[in-house]
A.B. asks: 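Take a look at this one; I'll ask things after.
Heavy-atom basis, side chains included; hydrogens, waters and symmetry copies ignored. What you see is a predicted model, and the numbers here were worked out from it, not measured in a lab. To find a chain, count down the sequence lines: A is the first, B the second, and so on, and within it residues start at 1.
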Number of protein chains: 2
Amino acid sequence: MLNERTGVPPHDCEECPIRHRAVCARCESDELEQLDGIKYYRKYEAGQTVIWSGDRMDFVGSVVSGIASLTQTMEDGRTQMVGLLLPSDFVGRPGRATAAYDVVATTDIVMCCFRKAPFEEMMVRTPHIAQRLLEMTLDELDAAREWMLVLGRKTAREKIASLLSIIARRDASVNARPDKSEIVFDLPLTREAMADYLGLTLETVSRQISALRKDGVIALEGKRHVTVPDMTRLLEEAGDDADGGVFA
Amino acid sequence: MLNERTGVPPHDCEECPIRHRAVCARCESDELEQLDGIKYYRKYEAGQTVIWSGDRMDFVGSVVSGIASLTQTMEDGRTQMVGLLLPSDFVGRPGRATAAYDVVATTDIVMCCFRKAPFEEMMVRTPHIAQRLLEMTLDELDAAREWMLVLGRKTAREKIASLLSIIARRDASVNARPDKSEIVFDLPLTREAMADYLGLTLETVSRQISALRKDGVIALEGKRHVTVPDMTRLLEEAGDDADGGVFA
DNA sequence: CGCTTATTTGACGTTCCTCAATATCCGTGG
DNA sequence: CCACGGATATTGAGGAACGTCAAATAAGCG
């Protein structure tokens, strides 16, 4: 039976798809029970804004399914995506009253939200949560720094190849195909969202994707379905070491 | 008396200039004593590399004085600075064996180092350290995201103005001059380091600084000594909201 | 004072952006 | 099932911003 208000079925934490990767990953069952008491699910449709920058935050939470983006906007409308929130990623900053960024659902998403005050209280008492949050924050910091190199020093073509590599790598861990060297995935982002992520215009994104297709680095079916015949080649195009990581 | 090996005078933590901002900020005196047992000071000269990316890390630590930079380099030599380490900033990642970035002393620096294994052990037992580290990491993540907007969406002129604003803001908290609206500081970075921070070439950095000088946004004495007659103007040039923060 | 390094400036080329037109996709209703 | 309309994506032409290469100037240091 669905929860009428949120349209989301209540979950048992033990069966939660992000149980072992989210902020609650290290929690014992008694700790999960406590979290259960302050949690609720919310669903957002693709395109919906979850949080506006500057708004008061009364919750923090985890992305359970779907993809959301974290963006900053300048007064004149220029926008830069500063984070891509995948399942298990954490939203909100304990100890901060207002949101620093816009959070927008890129696909339909489900979030597991915790009321902020009780969550913060619990963090003080529960090292398992604070430890995991530190670990996740350090990972995000690494990802942000990786992205600074992409934004600051890579060409448009390399930027696109970098983004495709990241998406491919993520999907590979889910849709692993040991039999094929070929990688296949759907782009979860519009050309405009890709442009906002990469610090480009959507026209440049489109042109570079066309160029990569023409050069045989990728193949497209429709606008969103991508095939990578040779991952090593894509990584070379991204300007990265062709080794290391999942595809080594 | 100086320590012969490191050339650094031993400090009492209570008198440490970064006592209340570094990773040890929340520690009680008994905790400081424990830290004291695993700490040592090291000094590096401007230009010296503190850590090479990929190297084994046997310590973590705090910058006590001076400025260091965190950089990433691509195979073909393109480099991007991904962090500027100011006094009290933390170096190294607990739980990681090798360095992810190059750390280079931009000015002469003194570091307070902790042997890694005992520090990690202590973190588990000492919530005060883990809490403070989480807070600092969240701040760094915010700074990194701020910088992603600069790298991805700002023009060369705005980038320079942004960097000057940040340095000015930092110095303002130290050399506050309530009597003057004028802000004066020394650039701690070469043109090349500025370029690496901003994702520009050093020629473009030089040209934009000249342009800002010609337009009266800043004044220069020598190459490094900067005067900002009107901070609001500089913030406008940076593309930021002219209000909020220290200079509101 | 001469040497080395940092910085500025100039001329020119390339990349990416802007503006504009066209094409494609996808959901909706006939 | 197909036609229509709005959103999304592609493609083209021209321009602006920034990078590259090269030379001149200034600054710091012995």
A.B. asks: Are the side chains of B:R170 and B:I67 in touch, meaning some heavy atoms are under 4.5 Å apart?
C.D. replies: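 Yes, side chains in contact.
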A.B. asks: Take the protein atom NZ of A:K159 and the nucleotide atom P of C:dC16, then report the distance between them rounded to whole Å.
C.D. replies: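 Distance, rounded to whole Å: 8 Å.
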A.B. asks: Distance check needed: D:dA9 P versus A:E192 CD, whole Å only.
C.D. replies: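 Those two atoms, CD and P, are 9 Å apart.
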A.B. asks: If you define the side chain from C-beta out and look only at heavy atoms, does anything of B:Y197 sit under 4.5 Å from B:I166?
C.D. replies: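 B:Y197 vs B:I166: side chains apart.
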A.B. asks: Looking for any heavy atom pair under 4.0 Å, which part of the strands does A:S210 touch: base, sugar-phosphate only, or nothing?
C.D. replies: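 Sugar-phosphate only.
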A.B. asks: State which of C:dT8, C:dT24, D:dT20 makes the closest approach to the side chain of A:K223.
C.D. replies: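 Side chain of A:K223 sits closest to C:dT24.
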A.B. asks: Pick base, sugar-phosphate or nothing for B:R157, based on heavy-atom distances below 4.0 Å to the nucleic acid.
C.D. replies: nothing
A.B. asks: More 5' along DNA chain D: A:R153 or A:L220, using each one's nearest nucleotide?
C.D. replies: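 Its nearest nucleotide lies further toward 5', so the answer is A:L220.
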A.B. asks: Within a reach of under 6.0 Å around CD of A:Q48, are more than 12 heavy atoms found that belong to other residues, nucleotides or ligands?
C.D. replies: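 Yes - once you tally the heavy atoms of other residues, nucleotides and ligands closer than 6.0 Å, there are more than 12.
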A.B. asks: Hey, does A:G199 reach any base, or is it just sugar-phosphate, or nothing, if we go heavy atoms under 4.0 Å?
C.D. replies: sugar-phosphate
A.B. asks: What nucleic acid atoms does B:T190 come within less than 4.0 Å of, heavy atoms only: base, sugar-phosphate, or nothing?
C.D. replies: sugar-phosphate
A.B. asks: Classify the side chain of B:R207 and the base of D:dT20 as holding, or not holding, a donor-acceptor pair under 3.5 Å.
C.D. replies: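 Answer yes: a donor N or O sits under 3.5 Å from an acceptor.
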A.B. asks: CG of A:D196 versus P of D:dT8: gap in Å, rounded?
C.D. replies: 13 Å
A.B. asks: So, taking the atom named OG1 in A:T73 and the one named CZ in B:R153, what distance separates them when rounded to the nearest 0.5 Å?
C.D. replies: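 So the gap between those two atoms works out to 10.0 Å.
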A.B. asks: What integer distance in Å separates B:L198:CG from D:dG19:P?
C.D. replies: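 Value for this atom pair: 10 Å.
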A.B. asks: Are there more than 12 heavy atoms of other residues, nucleotides or ligands under 6.0 Å from atom CD of B:E203?
C.D. replies: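 For B:E203, atom CD is crowded (more than 12 foreign heavy atoms under 6.0 Å).
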A.B. asks: Between C1' on C:dT14 and NZ on A:K154, what's the gap in Å once rounded to a whole number?
C.D. replies: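 Rounded to whole Å, this separation is 20 Å.
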A.B. asks: Calculate, to the nearest 0.5 Å, the distance between atoms OG and CG belonging to B:S65 and B:D108 respectively.
C.D. replies: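 So the OG of B:S65 and the CG of B:D108 are separated by 8.5 Å.
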A.B. asks: Given atom NE2 of A:H225 and atom C1' of C:dT24, what is their separation to the nearest angstrom?
C.D. replies: 18 Å
A.B. asks: OP1 or OP2 of D:dC18 sitting under 4.0 Å from any side-chain N/O of B:T204?
C.D. replies: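 The answer is no; no side-chain N or O of B:T204 sits under 4.0 Å from OP1 or OP2.
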A.B. asks: Write down the distance between CG (B:L187) and C1' (C:dT8), rounded to a whole number of angstrom.
C.D. replies: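 It works out to 15 Å between those atoms.
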A.B. asks: Once you apply a heavy-atom cut-off of 4.0 Å, does A:L202 come out as touching a base, just sugar-phosphate, or nothing?
C.D. replies: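 Answer is base: heavy atoms of A:L202 come under 4.0 Å of a base.
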A.B. asks: Between A:A156 and A:G222, name the one whose nearest nucleotide on DNA chain C is closer to the 5' end.
C.D. replies: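 Taking each residue's closest nucleotide, the earlier one in sequence belongs to A:A156.
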A.B. asks: If you assign A:T155 and A:R224 each to the DNA chain C nucleotide with the nearest heavy atom, which residue ends up on the more 5' nucleotide?
C.D. replies: A:T155
A.B. asks: For a quick check, tell me whether the side chain of A:E203 and the base of C:dC19 share a donor-acceptor pair closer than 3.5 Å.
C.D. replies: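 Counting by modelled atom types and ignoring angles, a donor-acceptor contact under 3.5 Å is found here.
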A.B. asks: Rounding to a whole Å, what distance do you find between B:R191:CZ and D:dT25:P?
C.D. replies: 19 Å
A.B. asks: Are B:S206 and C:dT7 close enough that a side-chain N or O sits under 4.0 Å from OP1 or OP2?
C.D. replies: no
